[in-house]
Amino acid sequence: MTKGRMVLIVALVAVTVLGVWIAVVTWDEANKIAVVASALASVAAVGVAVWAALRGTRSADSIDVSRTGDAVSTGNGQANTGLSGEVRRTGFVRVRDTGRAEATDGEANSGFRAD
């Protein structure tokens with residue numbers, strides 16, 4: 001499960017619990033709960049905005065290779081499950097969770113190889 005999905009699930013559970021709690025308690029208590037929840041949510045929103053601004057955005061020139069399958073080459077061939085070749089981009093290159101590359105009398109790459 002990705003971090004994004006985990007955060008989404010936690011947020012949905014928190015909203016559901018808060019909604020049920022506000023529906024069950026008296027109006028005066030619900031008002032107090034709503035004020036505190038709003039204050040906490042606004043502080044959290046500012047924190048997330050600052051974190052996102054400091055983190056930056058991915059460049060359009062970025063390359064992300066992940067979860068590739070296995071590759072097998074026999075003879076004088078090449079087996080590649082990552083990234084191989086000429087890279088003319090200025091952004092970052094990320095290669096992760098690549099498959100197994102196996103070559104007999106050739107070349108095997110399961111990561112990053114720039115020509």
Side-chain angles (χ1 to χ4, degrees):
M1 183 177 297
T2 64
K3 291 177 187 178
R5 285 186 182 170
M6 184 61 99
V7 169
L8 181 61
I9 290 170
V10 169
L12 290 174
V13 168
V15 167
T16 303
V17 168
L18 185 61
V20 169
W21 191 15
I22 288 175
V24 172
V25 298
T26 64
W27 180 252
D28 189 42
E29 291 178 45
N31 189 27
K32 291 175 185 176
I33 294 167
V35 168
V36 171
S38 296
L40 291 174
S42 63
V43 170
V46 170
V48 169
V50 169
W51 171 76
L54 293 175
R55 184 172 177 235
T57 58
R58 288 188 180 179
S59 169
D61 292 338
S62 300
I63 299 173
D64 190 0
V65 178
S66 63
R67 297 186 181 130
T68 60
D70 296 339
V72 177
S73 172
T74 58
N76 204 11
Q78 296 181 354
N80 178 34
T81 64
L83 176 65
S84 177
E86 188 173 337
V87 179
R88 295 181 185 220
R89 298 176 183 247
T90 58
F92 77 92
V93 174
R94 181 168 68 179
V95 180
R96 59 191 167 97
D97 299 330
T98 59
R100 186 176 55 88
E102 183 180 320
T104 306
D105 296 331
E107 295 182 28
N109 175 41
S110 64
F112 172 64
R113 185 187 71 168
D115 292 336

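Remember, predicted model here, so these are calculated numbers, not experimental data.
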Review point. At what distance, to the nearest 0.5 angstrom, does CG of Asn76 lie from CD of Glu107?
Key: 8.5 Å
Check your understanding: Using a side-chain heavy atom cutoff under 4.5 Å and only I, L, V, M, F, W and Y, what cluster partners does Val24 have?
Key -> Val20
Review point. Considering residues at least two apart in sequence or located in another chain, which fulfil the side-chain contact (heavy atoms from CB on, under 4.5 Å) criterion with Ala101?
Key: Ala79, Thr81, Ala108, Ser110
Point to revise | Asn109 side chain to Leu83 backbone, donor-acceptor under 3.5 Å | key: yes
**Study point:** Partners meeting side-chain contact (heavy atoms from CB on, under 4.5 Å) with Val48 (sequence neighbours left out)
**Key:** none
Revision key, fill the gap. Sequence neighbours excluded, the answer for salt bridge (Lys or Arg N to Asp or Glu O under 4.0 Å) partners of Glu29 is none
Practice item. Hey, could you give me each pair passing salt bridge (Lys or Arg N to Asp or Glu O under 4.0 Å) that has a residue in residues 30-54? Not counting sequence neighbours. Key: Asp28-Lys32
**Study point:** Residues which pass side-chain contact (heavy atoms from CB on, under 4.5 Å) with Arg67, listed by chain and number, not counting sequence neighbours
**Key:** Asp97
Review point. How does the hydrophobic cluster around Ile33 look, that is, which other residues are in it when side-chain heavy atoms under 4.5 Å mark a link?
Key: Leu18, Trp21, Ile22, Val25
Practice item. Could I get the full list of side-chain hydrogen bond (donor to acceptor under 3.5 Å, both in side chains) partners for Gln78, not counting sequence neighbours? Key: none
Exercise for review: Could you identify which residues cluster with Leu12, counting Ile, Leu, Val, Met, Phe, Trp and Tyr as linked when any side-chain heavy atoms lie under 4.5 Å apart, either directly or through a chain of such contacts?
Suggested key: Leu8
Review point. Does Val43 sit in a hydrophobic cluster with other residues, and if so which ones, taking ILVMFWY side chains as linked at heavy-atom separations under 4.5 Å, directly or through other members?
Key: none
